[in-house]
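Report on the following structure.
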Number of protein chains: 2
Amino acid sequence: MTTTPALVIKQANAAMVKENIERRPVGNTDVRIEIAYSGICHSDVHQARSEWGADIFPMVPGHEIVGHVVEVGAGVTKFKVGQAVGVGVFVNSCLECSACKANLESYCEKGPVGSYNAVDYNGEVQYGGYSKEIVTDEHFVLSIPEGVSLAEFAPLLCAGITVYSPLKHWKTGPGMKVAILGLGGLGHLAVKFAVALGAEVTVLGHSLSKKADALSFGAVDYRSTSDKQTFIDLKKKFDFILNTTSANISVDEILGLIKLDGTLIFAGLPVEDQTFNVFNITGARRSIAGSQVGGQVEVQEMLDFAAKHNIGSTIELLDASDSKNIDAAWDRVVDADVRYRFVIDAQTI
Amino acid sequence: MTTTPALVIKQANAAMVKENIERRPVGNTDVRIEIAYSGICHSDVHQARSEWGADIFPMVPGHEIVGHVVEVGAGVTKFKVGQAVGVGVFVNSCLECSACKANLESYCEKGPVGSYNAVDYNGEVQYGGYSKEIVTDEHFVLSIPEGVSLAEFAPLLCAGITVYSPLKHWKTGPGMKVAILGLGGLGHLAVKFAVALGAEVTVLGHSLSKKADALSFGAVDYRSTSDKQTFIDLKKKFDFILNTTSANISVDEILGLIKLDGTLIFAGLPVEDQTFNVFNITGARRSIAGSQVGGQVEVQEMLDFAAKHNIGSTIELLDASDSKNIDAAWDRVVDADVRYRFVIDAQTI
């Protein structure tokens with residue numbers, strides 16, 4: 001057992017406090033990681049504020065983790081001390097079900113174990129990345145390619161794979177017209193990945209305020225969903241639209257932008273029910289689909305792809321010396337006032 | 001110009017009256033058909049009662065038409081006098097757009113022209129199959145295989161292709177577990193086609209009253225959606241579920257029956273908005289899709305497949321000598337009191 005400083009939330013909606021937490025002893029296939037950077041995901045806020053249901057307190061959020069290996073168990077084969085590594089959204093799954101066997105641990109039939117706000121199958125409560133160290137089984141540790149910015153790579157572990165996975169699953173590539181709905185933490189990475197995959201990318205935003213950024217990320221067009229002309233000009237234009245927001249959208253309006261056999265994919269997680277008119281899917285054989293983070297093989301593929309194409313998150317780096325800085329950052333996440341992902345410098349925790 | 005008796009609806013919700021209507025002269029690529037049987041589709045009722053929006057009166061419904069060729073234009077190449085033929089849901093499309101060129105005339109970008117309650121591109125108002133004759137361009141005429149029951153084939157022209165098309169598009173075949181939601185006009189044909197395609201088929205009905213029929217059509221199981229146990233027993237069982245009803249369903253409950261990467265397909269057309277919770281699609285990468293009738297090549301494929309596999313609709317044949325019989329049948333359609341499709345004997349019109 002080791003102790004490590006962490007940002008702890010004692011109860012729903014409470015401010016963070018800096019306290020020591022315990023990490024388990026390094027087991028046979030475990031890797032102990034000194035965390036360098038930890039990204040802030042909107043889902044951290046949702047869970048710490050109990051907006052999604054039952055939550056476990058005290059809570060240490062964080063599932064966009066990068067750092068360096070400081071110790072490995074005797075049975076570890078993939079990692080060595082000093083290596084740059086990452087941990088994402090899940091830290092365990094059954095590894096036996098059809099989903100796990102298809103390298104889709106994130107869809108494990110037994111239920112994958114989250115990196116925080118979760119209890120492992122053996123009863124161990126999981127604490128996440130807002131801390132200085134973490135101990136994780138090597139199956140759920142990723143290799144970070146050499147030469148990249150670790151801080152800019154941290155958000156790839158959740159935001160990155162959340163958008164990369166559906167872009168790959170729905171075969172984004174040259175000749176395809178893709179729209180990214182929302183230009184936040186997920187959206188800005190979706191633009192970068194979709195462009196690198198060869199698609200023609202349009203961003204649909206609530207306003208035009210981020211147009212210049214979108215074009216700098218490689219988008220060819222940026223339109224406002226507040227402008228009715230958008231829905232006339234872009235009618236039936238896209239092979240698919242990736243909704244990266246957790247806001248309530250007009251599903252029917254967005255469907256109208258999708259061509260025959262196209263798909264609207266939800267990667268964001270709006271809490272409220274969505275509604276649509278059936279004629280808007282039957283009339284052009286459209287689909288409405290949902291997707292979440294990919295399995296470990298795909299997360300590694302995404303990290304390698306990002307390194308190859310010089311993709312990283314556009315970030316604001318946060319000093320956690322005063323934990324109020326992180327509380328304040330959370331409020332800005334809720335207000336969508338971040339370009340484009342907050343990353344905590346874990347050495348300041 | 002020829003005149004032919006028809007069942008005419010003068011205004012929304014009016015009873016049918018038997019009157020002569022005019023059919024256009026047989027053009028160069030036209031086929032004049034003496035109608036033998038005309039199926040009754042729930043959409044006939046929706047449109048005659050103006051439940052879907054703007055409608056054109058007087059209206060002659062009917063888009064499940066079979067009969068025999070009695071005259072062909074000089075340029076007709078596919079049909080000859082005496083041949084058994086059919087006409088389905090559409091009688092024209094632009095034939096130039098990407099959808100038409102992909103043999104998906106039903107999804108024509110210009111908008112396909114319905115067999116009734118529609119105006120052709122040249123301004124000609126279309127009257128449907130509740131009559132003794134129809135004149136249709138050969139592109140929208142189908143060949144009915146020899147040796148089949150014409151009356152039982154009539155419903156294939158709409159109900160049949162409405163379910164066959166999604167079953168084929170989503171690759172129904174051996175090893176797949178398919179559920180058919182609703183055992184009405186569409187549903188009973190969906191069971192027959194899905195079984196013939198090699199899938200393991202379960203029917204989900206509102207009650208168990210049609211269980212014996214479903215099993216006789218080849219289903220292996222029949223469960224009631226009114227029984228909560230159904231949603232426990234069949235959790236994550238199906239590759240896809242074809243919703244053939246136009247009733248309001250609990251989309252979230254039905255999604256729970258679908259396995260990873262599976263799809264809920266709407267083939268029926270509920271008028272009211274549908275709602276779902278996004279977590280129910282993201283958690284298992286599920287899709288909600290919509291589909292309608294296929295293009296002409298696929299309709300012909302479906303007719304040939306049905307003949308090969310001895311599939312026809314289970315029907316109640318109607319005598320239209322008194323048009324009140326047809327009005328009464330419509331009321332039974334609305335009450336879902338038909339096993340499983342009404343077909344009008346057109347010679348009694």
Once side-chain contact (heavy atoms from CB on, under 4.5 Å) is applied, do any residues pair with A12(B), and if so which ones, sequence neighbours excluded? S50(B), F57(B)

All pairs passing salt bridge (charged side-chain N to carboxylate O under 4.0 Å, His left out) where residues 247-256 of chain B contributes a residue, at least two apart: K228(B)-E253(B)

Is it the case that the ring center of Y164(B) lies less than 6.0 angstrom away from the ring center of F305(B)? yes

What part of D261(A) is in contact with chain B, defined as an atom under 4.5 angstrom from a non-hydrogen atom: side chain, backbone, both or neither? side chain

Among the options E109(B), K236(B), H169(B), pick out the one with the most heavy-atom pairs lying under 4.5 Å from chain A. H169(B)

Which atoms of K259(A) come close to chain B, meaning under 4.5 Å heavy atom to heavy atom: side chain ones, backbone ones, both, or neither? neither

Backbone N or O of Q296(B) within a donor-acceptor pair of the Q300(B) side chain at under 3.5 Å? no

Among L104(B), L260(B), L269(B), which has the most heavy-atom pairs under 4.5 Å with chain A? L269(B)

Count the heavy atoms of every other residue, nucleotide or ligand shown that sit under 6.0 Å from NE2 of H139(A), and state whether that count exceeds 12. yes

Interchain contact, L264(A) with chain B, by part (heavy-atom threshold 4.5 Å): neither

